[in-house]
Amino acid sequence: MDANAGNLSLTERYAHFVTSRPWLTIAIALAVSLSMMSGMQRFAFDQDYRVFFSEENPHLSAFERQQKIYTKNDNVLFVIVPNNGEVFNKQTLAAVEEATEQAWQLPYVLRVDSVTNFQYSHADGDELIVEPLVSGAEQYSAETLKTKQSIALTEPNLRGQLISEDAEITALNIVFEMPQVQPEKELPELVGAVRELQSKLEASYPVTVKLTGVVMLSNAFFEASMKDQQTLVPAMYAVILLVIAILLRSATATLATLLVVFLSMLSALGSFFWLGGKLSPPSFSASTIITTLAVADSIHILVTLFEGMRRGMSKVDAMRRSLVINIAPVFLTSLTTAIGFLSMNLSDTPPFNDLGNITAWGVVVALFLSMTLLPALITILPVKASKKRNRVSHAMDAIANFIIAKRTPVLIAMVVFSIVAVSGIKLNSFDDNFVGYFDTSIQFRNDTDFANDNLTGIYQIQYSLESGEDYGVSDPVFLAKVDRFVEWFRSQPEITHVNSFTDTFKRINKNMYGDDNSYYRLPEDKALAAQYLLLYEMSLPEGLDLNNQMDIGKSSTQIIVTVTNTTSKHIAEIEQRGRDWLLHNTGMSSYGVGPAVMFAHISDTNMRSMFISSLVAILVISLIIMLVLRSVRLGVISLVPNLLPIAAAFGAWGYLVAEVNVGVSMVTGMALGIVVDDTVHFLSKYQRARIEQKLTAEAAIRYAFSSVGVALVVTTIVLMAGFMILAQSSFGMNSGMSQLTSVAIIFALIIDFLLLPILLLWLDKKDYAIAAITRANS
Amino acid sequence: MKHLIVVLCTTLLSSICLALTPEQRGLEIAIEVDRQDIGFGDSQSNIVMILKDKYGNERTRQMRNRTLEQSDDGDKSMIIFDSPGDVKGTAFLSFTHRAADDDQWLFLPALKRVKKISSSNKAGAFMSSEFAFEDIASQEVDKYSYTFLRDDKYQNTPVLINQLQPKDPASGYSKLEVWVDAKRYIPLKIDFYNRGGKLKKTLELSDYSQYLNKFWRAGNWTMVNHITGKSTVLKMQDWQFRNGFDDQDFNKNSLSRAK
């Protein structure tokens, strides 16, 4: 008590200073936040999908290693859909030729592959002709068109990849090498140019163009984020405005709160940019989350302020009292919330590290501004308290009475609810299809689904097979192994296409024997194969080299397996199956890589690290609660209302959704930091009543309900609203994360109101009663 | 008087004759560059080709080059591959033409046959290097139209920067900018612009030596691709002239005998 008294006098002195020197306080608060906000001019957004993986991520480093050996796969799949459903007619082929020609002029283009520039090799006497499959299609006769179609449909390199099996849809695969010098300018420039080509082609030919591929994926991350910022953030402010206006019925108080919230958000983002940070879709959602969290501090202070004013205190006195009462709990809840978000630093996905750090910092700034700017503004602005006591307050008393009267049935109901809810956890399974991250309001999602359903898969697994020596790719023994691997993969049910140089080798061998089909097989002599390779390479036009299939030393070859639209778990399983088959049947070991494989493992990797970091966060937060409440008992009891809401939320998710993406796996730490606030506020009021006012557990519970019940309901509504708005995000990591968090928040309120009081009645009865009696007797 | 103008025009050709348009001036430079090499007859050299990518992967190839000058057409040349072992003995023959597409053949020793290579791939890569066929083919004046750009200095040497625009639509380039040594009329550096008009590659020619007191040959050709970050170095050594080659040494039959 003595130490507390010392603290109180310090907070009293602080409260006095803030309310007697409001202009100075405002000047300091604005100077601090404006200096942080000025970082906003360094706004930067990282559009590369690789941002989701840390540098230590084994799947990313394996992929990057392979990207250094073969041509990169940063591509746009430019899907051309003829309106008449026929690829092999003059107009469509002319459109494809035109698109192919124009695509070579796109910025950063490395190569363009299409059915028209496909390098079709055939024999003509002693000459090996290697030429574009289609050239000058507008002059083609019906018969020629037919021939070209049958060549394309029997060519393993085209069928199921650049031409659909019914010859109704075709595509250009355009590969880019981004200089990465000014990434924030390069991607929009490139996407702009691709879209211009799309509209030009659609205007000149009877075709529709759809755009997908890795470049469009990266762009979709950016566009989804921008769309969210334009729709979700204004919605968020509208909701806050509404809630505060209804609750406080004071224009100036609402204005002051909005200012605190707005400055907190911009200061946190500004600081992030000062440190050279770049936003990405998950970290961009920090703006919405900070907005939501920052409101809570102001609400607690303003609710107490108006309560004091209704009692007849002057505005300044009421503000001083409010600060004195709220500094400790608001500081404590900010601290625990920040710790929860900081636990995201153990995530293997850097954008979530950023999200955690930006939000944690935003919470700290909100605390600072709520303690400085808010009281100072209230001091100088005219503020009136409405006379009426809120209806919710009456409801709080009713809830308290109900729980105390019906404690046993309520406890049984809560236990049953908890067991049922928590047992749903096992129904969850990981799924991180990067296409599924986007909802159908994003064009990328629609176009990719279309390509997936009608032309080819978007998920690819790349295997690099190494022969161990230069020009080893022409070794017949090695080639035979590669061929078996390719043929085995083609026999797997989930595979739409396998790209391998062995097909080209077979075709050249056939060409060398006057196009005799019985020679459609791998060359059997190493030197001969090497010389075929040289001849073929010398015949290829500009840009269409073999580096996408072989390294520069011709010692290894890349097999690209395209998978049907499936779950990320399944993709990981197929990759493993291929790797195992290869090892058992050929003795070669190769690890399948690619964006699909990286995303297939992202949740798994993150869940593991998040489990550890959540444990650490729980430990630290519980220790802080024990320390502040000076009670191990209350600290241990607090574990129930802190952990149960999250477990129950994951369980409910299992019943309702069952698919957990990486955003959802982030929820443990961040939800913990938020839900713990309710417990802290409730327990601190309860304990104050029992110690200072020597109330019984029952009376202390009634006191806690009446003093913080309203504030808890209001903050829960604001938080729910905030996360429900973010749940409307077109980006699945954000929406999943927010949906689950809002479920956890509502569960937290229910458990704090219905279960925590009963636990206190049950487990915290004896000690206080005996202590009270002992104290009374003495 | 008339005589004096002619003298002035010929001696001070490069800078004073204001009557010359940039196009005429460009053409004059090209003709002068071409003239420097007239009469070398034939030559041979050893070539080491080093392929590099931007990640430091590197491979070396070895080959020999023989060239026969043609007075009324582009040169004939033959390249014989010595390494890697699997393509040893493979020989490449090309006839450069002033106006028409070049003719190209490849002899495959394992198949013991000569195969013609499509002539439409002049923009394609030679032996998966950064050199296109059109970069290593003999440069004929008629293949480009010219615009003189400016006088400049390159590595402390006065140069004339000449712009070349390929006449053949099959060329991989929209234009070339050639840094021509203003005294010796030999190219020191060439910037290649792709069909989209972007700088794609840069060739630097260095270690020039003069042979037979007249003909300059670069010992080091370094081509850098700015888009992919890949590069190729050609080291041309052991130049020999007047080897007594004739047309019989440069036909399809001689290909299979070339060793």
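Just so it is clear: chains get the letters A, B, ... in the order the sequence lines come, proteins before strands, and each one is counted from 1.
- Using a 4.5 Å heavy-atom cutoff, the side chains of B:Tyr55 and A:Ile69 are not in contact.
- Crowding of B:Lys235 atom NZ: a count of heavy atoms from other residues, nucleotides or ligands under 6.0 Å not exceeding 12.
- Using a 4.5 Å cut-off between heavy atoms, B:Ala132 does not touch chain A at all.
- A:Gln67 touches chain B through its backbone: at least one of N, CA, C or O sits under 4.5 Å from a heavy atom, while the side chain does not.
- Using a 4.5 Å cut-off between heavy atoms, A:Leu540 touches chain B through its backbone atoms (N, CA, C, O) alone.
- Using a 4.5 Å cut-off between heavy atoms, B:Ser128 touches chain A through backbone and side chain atoms alike.
- Put simply, the side chain of A:Glu469 does not reach to within 4.5 Å of the side chain of B:Pro84, judged on heavy atoms.
- Most heavy-atom pairs under 4.5 Å with chain B, from the set A:Leu106, A:Val130, A:Leu534: that is A:Leu534.
- Among B:Asp86, B:Leu111, B:Thr90, the one residue that satisfies the side-chain contact (heavy atoms from CB on, under 4.5 Å) test with A:Gln531 is B:Thr90.
- Contacts of B:Lys198 with chain A are made by side-chain atoms alone, with heavy-atom separations under 4.5 Å and no backbone atom involved.
- In this structure, chain B has no heavy atom under 4.5 Å from any part of A:Glu131.
- Within 6.0 Å of atom CD in A:Gln180, more than 12 heavy atoms from other residues, nucleotides or ligands are found, so the atom counts as buried in its surroundings.
- Of the listed residues A:Leu128, A:Asp545, A:Ile129, A:Asp525, the one with more heavy-atom pairs under 4.5 angstrom with chain B than any other is A:Leu128.
- Interface residue B:Leu106: only side-chain heavy atoms are found under 4.5 Å from chain A.
- Between B:Lys54 and A:Lys68 the shortest side-chain heavy-atom distance does not fall below 4.5 Å.
- Note: B:Thr228 OG1 to A:Arg111 CZ = 12.5 Å, rounded to the nearest 0.5 Å.
- For B:Lys200, the part lying near chain A is the side chain, with the backbone staying farther off; criterion is any non-hydrogen pair under 4.5 Å.
- When every heavy atom of A:Ala527 is checked against every heavy atom of B:Ala110, the shortest pair comes out as C-CB, 4.0 Å.
- Of all the listed residues (B:Pro109, B:Gly89, B:Ala170), the one sharing the greatest number of non-hydrogen pairs under 4.5 Å with chain A is B:Pro109.
- Annotation: side chain of A:Glu542 is not in contact with side chain of B:Glu134 (no heavy-atom distance under 4.5 Å).
- Rounded to the nearest 0.5 Å, atoms CD (A:Glu127) and CD1 (B:Ile117) are 9.5 Å apart.
- Contact annotation for residues 188-197 of chain B against chain A (heavy-atom separation below 4.5 Å, listed by residue number): B:Arg195, B:Gly196.
- Within the 4.5 angstrom heavy-atom criterion, no atom of A:Ser121 approaches chain B.
- When the candidates A:Asp551, A:Val109, A:Leu110, A:Asp470 are compared by the number of heavy-atom contacts under 4.5 Å with chain B, A:Asp470 comes out ahead.
- Within the 4.5 angstrom heavy-atom criterion, atoms from both the backbone and the side chain of A:Pro107 approach chain B.
- Note that the CZ atom of B:Phe92 and the CG atom of A:Leu535 stand 10.5 Å from one another [nearest 0.5 Å].
- B:Lys230 and A:Asn547 share a side-chain donor-acceptor pair at under 3.5 Å.
- Considering NZ of B:Lys116 and OG of A:Ser539, their distance stands at 11.0 Å, rounded to 0.5 Å.
- Put simply, the side chain of A:Met538 reaches to within 4.5 Å of the side chain of B:Met127, judged on heavy atoms.
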